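Each remark here refers to the structure printed beneath this line.
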Amino acid sequence: MEFSNQRLLVPEIPPRAFEACYIDEAHPSFCCVPFVDALMPTFNAAQLKESFNKTNYRQASVGDSDIERKRCVYSLKDEYTVLVPEFQDVYDKIDLAIKSGYLSREDTLYNYEQQRQNLHYAMSNDTVPWRDLSVPRPVRNVTSIIGCKGSGKTLVMQQCLSMYPRVIWHANKSEQVQIVYLSVNLKGATSPIEYCSIFLQSLENAIGKQKYASEVVVSPNLRAALLKIRSLLITYNVGLVVIDSLQVIEKWKYEERNIFLEHIDGLGDLVPLLLISNSNAIYELSDISQSNIDWDPLMCFSGKDDLIVERWSLFSKKLWKRNCLKNQSPELSAELSSEWFDACEGVIGLAVHFFVACQIEAINSGVEQITVSLMKDVRRKEFRLKEVFLSAIKSDKNKIFERLVNSQEKGKVKPKNNKSNQSLAKPKNPEKLQRNDFKRVSKKDWSKLPLDDLRYLFSQDKSGSFYHVLKNEKLILSMSDLINYVELPCAVPR
């Protein structure tokens, strides 16, 4: 990113910034770090739930016009949030990452006072060495959220980040800009240089384009652009970088993909990171991330039927209350609930979209009621293109979250499930592939086999090595023999 004739830090509040307001020094959360004291104290579970109960969403009533009811129903797609217990875990990790990141980069009042005491004690005692304990110690904090497409990963991230102001202006603290979080969505990016462009756009959207005197241009030199990103994170005191849709880098060139992953790994030493990817996740995330969250709010991939039924029942009944049809029963029947689940396979995004589509169809048709037949019609018309995705979930739900190598196989690359690898799969009935004239012989009976049978030769060899037997029978082609074999071409034609 090359900057010419630009003023990155102007002595005035950025267009989209909030002026800093710090918590009182008597508050238990006060830590004498402006970037932390300007944020809200951490919410507990009750406070978090209460904050989401206060929403701008307007519940449509049966007396509203069709247009008003449709508008309210459509808004459910982007506003409906499921407050499952895992939601608290995501919020806690984000809150801890932001605040601990700022604490690790700032000198606190305690460190300063402790430093004075250490220096005074060292000067009065020649035998005691003096150490600078006030130097900030970086704390690496990289978290990845993995979940299938439509499970609400991005939505839960956005809802948690909505608890914080995006940009804060510290007028009384050297006129510094604090970007609490910066979201970078890689959807559609085909190379690292496009990632740099998306990053810069996110930065401009955060602080406002009026902050710059002229347009910022991404440098064609990839390494220079990546280094500039690192400096911008420090310049604007970024608390958390969110990188969404990480699965797109699987389609990048091998060299570009490695450069990008090295860049992300390096960013983790500067600022906390939150990485988000779908079920086609990248295996390298296990090496970059310190913690991983499998996002499955309805537990549809847990394999626990009782938990799936419980979560789906609570979710569907709560969402059913958003029904605004004139002839609809207030209670959700078991038959409708079952058909609803089959249509979306428990994927939250699809479940909300299906419910919205059913209500719109009921309003447009004048039926004003959701029935099983209406659900099937909507599924046939609206969800026909999603059948491939749903059938993949039905076939093997456990494979949806196969994305990280386990501790025993860490560092190994798992083969992709393509046609070339299907031929290596273990056959279901191996006995059908055996020759009809083949007969299994116990190892203790190999000495009774014909003399030209390799199993007989192995039984007579004292070393117990198949390689030794094959070499004695001159069935091993050594490299020296291969090189001296003049009939072989000197190069393999391409």
Side-chain angles (χ1 to χ4, degrees), residues 1-10 14-16 97-98 101 105 138 140-145 154 157-158 161 166-167 177-278 280-282 284-285 287-289:
M1 290 160 235
E2 297 177 352
F3 299 88
S4 58
N5 299 323
Q6 297 179 30
R7 299 165 60 198
L8 289 180
L9 291 175
V10 294
R16 298 188 178 182
I98 293 175
R105 284 180 274 170
R140 184 179 176 87
N141 193 320
V142 182
T143 302
S144 60
I145 301 180
T154 301
M157 174 269 297
Q158 292 173 345
L161 291 179
R166 191 176 183 183
V167 183
V177 177
Q178 175 189 3
I179 299 180
V180 181
Y181 62 90
L182 187 65
S183 298
V184 181
N185 196 321
L186 293 182
K187 186 177 295 183
T190 59
S191 64
I193 203 69
E194 291 188 11
Y195 151 74
C196 296
S197 178
I198 295 173
F199 174 91
L200 197 54
Q201 292 174 9
S202 302
L203 184 65
E204 288 182 339
N205 292 333
I207 62 178
K209 294 183 179 180
Q210 300 92 329
K211 185 73 173 176
Y212 296 97
S214 61
E215 183 181 359
V216 181
V217 181
V218 179
S219 170
N221 187 319
L222 177 59
R223 293 290 185 180
L226 295 177
L227 288 174
K228 194 61 182 181
I229 286 178
R230 293 172 62 93
S231 66
L232 287 173
L233 294 177
I234 302 301
T235 300
Y236 288 102
N237 301 298
V238 178
L240 176 70
V241 176
V242 181
I243 302 180
D244 201 351
S245 302
L246 257 178
Q247 66 276 0
V248 302
I249 74 171
E250 290 187 323
K251 299 179 181 178
W252 293 4
K253 295 180 181 178
Y254 179 77
E255 296 80 5
E256 294 180 339
R257 185 166 172 263
N258 283 346
I259 291 174
F260 176 77
L261 289 173
E262 290 176 0
H263 165 72
I264 296 300
D265 193 22
L267 289 187
D269 296 327
L270 291 178
V271 296
L273 299 178
L274 180 63
L275 311 177
I276 302 177
S277 180
N278 66 15
N280 298 321
I282 304 95
E284 288 85 347
L285 286 183
D287 297 326
I288 298 175
S289 306

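All figures in this text were calculated on a predicted structure; none of them were measured in a lab.
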Working for side-chain contact (heavy atoms from CB on, under 4.5 Å), residues V238 and Q178 = CA-CA 6 Å; V238 178; Q178 175 189 3; over 6 Å; no
task = Please name all residues satisfying side chain to side chain contact (heavy atoms under 4.5 Å, CB included) with T143, sequence neighbours left out, ordered by chain then number.
result = K93, N141, L274, S291, I293
Residues forming a ring pair (Phe, Tyr, Trp, His ring centres under 6.0 Å) with Y195, sequence neighbours excluded = F260, H263
request  = List for me each residue that meets side chain to side chain contact (heavy atoms under 4.5 Å, CB included) alongside L275, sequence neighbours excluded, and say none if there are none.
outcome  = V142, S144, I243, L246, I264, L273, L285, I288, S289
task = I would like to know whether D265 and R140 meet side-chain contact (heavy atoms from CB on, under 4.5 Å); could you show each step before the answer?
result = CA-CA 10 Å; D265 193 22; R140 184 179 176 87; 2.4 Å; yes
key: Residues forming a side chain to side chain donor-acceptor pair (under 3.5 Å) with E262, sequence neighbours excluded   = none
ask   = Between atom CD1 of I276 and atom CG of N185, what is the distance when rounded to the nearest 0.5 Å?
value = 8.5 Å
remark   = The side chain to side chain donor-acceptor pair (under 3.5 Å) partners of S191 (sequence neighbours excluded) come to none
ask   = Which is it for L182 and F199 under the side-chain contact (heavy atoms from CB on, under 4.5 Å) test, yes or no, and what are the steps along the way?
value = CA-CA 9 Å; L182 187 65; F199 174 91; 3.5 Å; yes
ask   = Where is the tightest heavy-atom contact between C196 and L226, given as atom of each residue plus distance?
value = SG-CD2, 3.7 Å
inquiry  = With heavy-atom distances below 4.5 Å as the criterion, would you say the side chains of Y236 and V167 are in contact?
reply    = no
inquiry  = What I'd like to find out is whether the side chain of I198 reaches to under 4.5 Å of the side chain of K187, using heavy atoms alone.
reply    = no
key: Side-chain touch L240/V180, heavy atoms, less than 4.5 angstrom   = no
query = Taking atom OG1 of T154 and atom CG of D244, what is their separation to the nearest 0.5 Å?
reply = 3.5 Å
ask   = Between N278 and Q247, which heavy-atom pair has the shortest distance, and what is it?
value = N-OE1, 3.2 Å
ask   = Measuring from L232:CG to L227:CG, what's the distance to the nearest 0.5 Å?
value = 11.0 Å
key: D269 and R230: CA distance, side-chain angles, deciding distance, salt bridge (charged side-chain N to carboxylate O under 4.0 Å, His left out) verdict   = CA-CA 10 Å; D269 296 327; R230 293 172 62 93; over 6 Å; no
note = Here the pair of heavy atoms bringing E194 nearest to G188 is OE1-O, 3.7 Å
note = Residue set satisfying side chain to side chain donor-acceptor pair (under 3.5 Å) with S183, at least two apart, ordered chain then number -> none
ask   = Would a 4.5 Å heavy-atom cut-off, applied to side chains only, mark P272 and V241 as touching?
value = no
ask   = Is a donor on one side and an acceptor on the other found under 3.5 Å between the side chain of W252 and the backbone of N258?
value = no
query = Got a second to check how far K251's NZ is from T190's OG1, nearest 0.5 Å?
reply = 11.0 Å
task = State the CG-OG distance between L233 and S231, to the nearest 0.5 angstrom.
result = 8.0 Å
